[in-house]
Every structure is written in structure tokens, then in C-alpha cells.
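Contents: one structure, followed by commentary.
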Amino acid sequence: MRGPDRDGGPPSGPGTVPRTVPVERDDLGGDAVDVAPWLLHKVLVRGGRSGRIVEVEAYGGADDPASHAFGGPTARNAVMFGPAGHLYVYFTYGMHWCANVVCGPEGSAQAVLVRALTPLSGLEGMRTDRPPTFPDRDLCRGPARLCRALGITGADDGTDLLVPDGTVRLVDDGMPPPGRPASGPRIGISRAVDRPWRWWVTGDRHVSGRTGVV
DNA sequence: CTTTGGATCGTCT
DNA sequence: GACGATCCAAAGG
């Protein structure tokens, strides 16, 4: 093989190795609306598969009617009420898994939904059980598709993303977030539709939904 | 490119 | 019993 397909590591090569910066838990201790755009260009890794985050949505706690945490703790959203840096995975529409990064002060139940990735490594694994004609561009385009591509399921709910040898990890390979990310209303919700809490990398083809709004 | 309708079941009321 | 933080295939421009 010729690509940088090493498990979890950043793209490697003589002279071009970006320094991998560990993500600190304090980096995720702020409110979801601040952490969400900061997460753009970070890397999500599971097993030998990884992708760069290019689209996110912020979800608040008790004060956000669109959040799963609205209305208080339940068995499903329990991880949201825990410490920042853990993965909140939920099942929806009877067939899809979606993944969030828990953030904010413990107990505030805030999270950032990861909506799209640029596939970086493990592309062959992501293509398993996909039609031969399935475009690579769509592998991680959408919150449920990226979970399917990385193999994230309810078994990963509660995973600490900041443990170096963890099953699912959040990595900073040195690429800073975009200075001027595009933003707009969150997708697929029916309440609090006016809050522009979705951010994405302007012009990136791996972003889901409409990208015309600013 | 866009629109439309069906799939499918855990979760909470 | 209703409703999803969605996706896919099919059909039309």
C-alpha cells in the first residue's frame, strides 16, 4: 500500500509529519456553541479508520428545546450529563447511529453532533457493505453515514475520546480550525430552528445538506 | 441537479 | 401511540 493507513496516526511521511497535538479535556469544557466550530478540522479515529471533521452542530442542555437533554436526564442521554470529552451515541429512525462529543461543564449536558468527515484513512474498510459504485465523497457525508463508515454503534456510547489507546479517539494533527467557517440553522430539527448552531468548512464537498447559507 | 415517500424501532408521553 | 439531531432509491428537470 502507499497511503497513510496506519492505525490512528496522522498522515506520515519523511519531512511532512504534522505534530500530533493531544486534545485536552479543558479544550472541550466551554459551551457547545464555542467548542463546535473549534472542532472543525480535528480528526475522529476508530480502529484503522479516520476522517477530518468538516461539519458540526451544537446542542445545549436543559435550555435547548432541540437537545436530547431538554427535559432532564434519561437512560439514553445519560452520557451527555457526564464529563466533557466522552462520546454520546444515539440510535434514531429505527436504523441509524449518530455520534456527539460531550462538552461544557459536567452536568450541563451539552454536546456537539459530528455531521460530516473528510475520509482520511481506512477507506477500504469504510466501503465494505457498500455498493461498488458508492462515491467516496459520500462515505462520511451525514451523521449516520460517518458512524457507519467508522463502525461507531451504541457499544461506543460513553467512550472517553481523549484516551490514547481508546476505541474511538479525537485527535488534533495540527491543522487549525477554519478562520471563517460557514454557519446556519441546524438540520432535521423541529424546535429552536432559529438558532444558527451548525458550522461547516466553507466549500468542502464532504459537507452534508445545503452549503449555500452563511 | 431536485423532490418524494418509505424504511424501521428505541425512546418518551 | 407518536415521533424522530436520517438515509436511500426512484422519478422528474
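Here is the naming used below: chain letters follow the sequence lines, and residue numbers restart at 1 for every chain. These numbers come from a predicted model, not from an experiment.
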Legend entry - Summary of ring-ring contact (aromatic ring centres under 6.0 Å, His included) pairs that have at least one residue in residues 93-144 of chain A, sequence neighbours excluded: A:Phe91-A:Trp97

Inset, instruction - Name every residue in residues 187-196 of chain A that has at least one heavy atom under 4.0 Å from any atom of DNA chain B, in order of residue number, or write none if there are no such residues. - result: none

Legend entry - Pairing residues for A:Thr118 by the side chain to side chain contact (heavy atoms under 4.5 Å, CB included) criterion, not counting sequence neighbours: A:Arg52, A:Val54, A:Asp204, A:His206

Legend entry - Identified stems (criterion: three or more consecutive Watson-Crick or G-U pairs, under 3.5 Å), DNA chain B: B:1-7 with C:6-12, B:9-12 with C:1-4

Inset, instruction - Supply the members, apart from A:Met175, of the Ile/Leu/Val/Met/Phe/Trp/Tyr cluster built from side-chain contacts under 4.5 Å; use none for a lone residue. - result: none

Inset, instruction - Could you note down all residue pairs passing salt bridge (charged side-chain N to carboxylate O under 4.0 Å, His left out) where residues 136-153 of chain A supplies at least one of them, sequence neighbours left out? - result: A:Arg127-A:Asp136, A:Asp138-A:Arg141

Legend entry - Toward the 5' end of DNA chain C, by each residue's nearest nucleotide, A:Arg145 or A:Leu113: A:Leu113

Legend entry - Pairwise distance CG(A:Leu87) to CG(A:Leu161) - rounded to 0.5 angstrom: 5.0 Å

Distances under 3.5 Å between nitrogen or oxygen atoms of protein and nucleotides 8-13 of chain B:
from	atom 1	to	atom 2	distance (Å)
B:dT8	O2	A:Tyr93	O	2.5
B:dC12	OP1	A:Thr74	OG1	2.2

Legend entry - Terminal contacting nucleotides, 5' and 3', DNA chain C versus chain A (heavy atom, 4.0 Å): C:dG4 to C:dC8

Inset, instruction - Determine whether the side chains of A:Ser121 and A:Ser50 contain a donor N or O and an acceptor N or O closer than 3.5 Å. - result: yes

Inset, instruction - Could you identify which residues cluster with A:Val193, counting Ile, Leu, Val, Met, Phe, Trp and Tyr as linked when any side-chain heavy atoms lie under 4.5 Å apart, either directly or through a chain of such contacts? - result: A:Tyr59, A:Val79, A:Met80, A:Phe81, A:Tyr88, A:Tyr90, A:Val102, A:Leu113, A:Ile189

Legend entry - Residues touching DNA chain B, which here means a heavy atom under 4.0 Å, drawn from residues 130-137 of chain A: none

Inset, instruction - Sort and list the pairs that fulfil side-chain hydrogen bond (donor to acceptor under 3.5 Å, both in side chains) and have at least one residue in residues 32-44 of chain A, not counting sequence neighbours. - result: none

Under 3.5 Å, which N/O atoms of the protein pair with N/O atoms of nucleotides 2-5 of chain B?
from	atom 1	to	atom 2	distance (Å)
B:dT3	OP2	A:Arg210	NH2	3.2

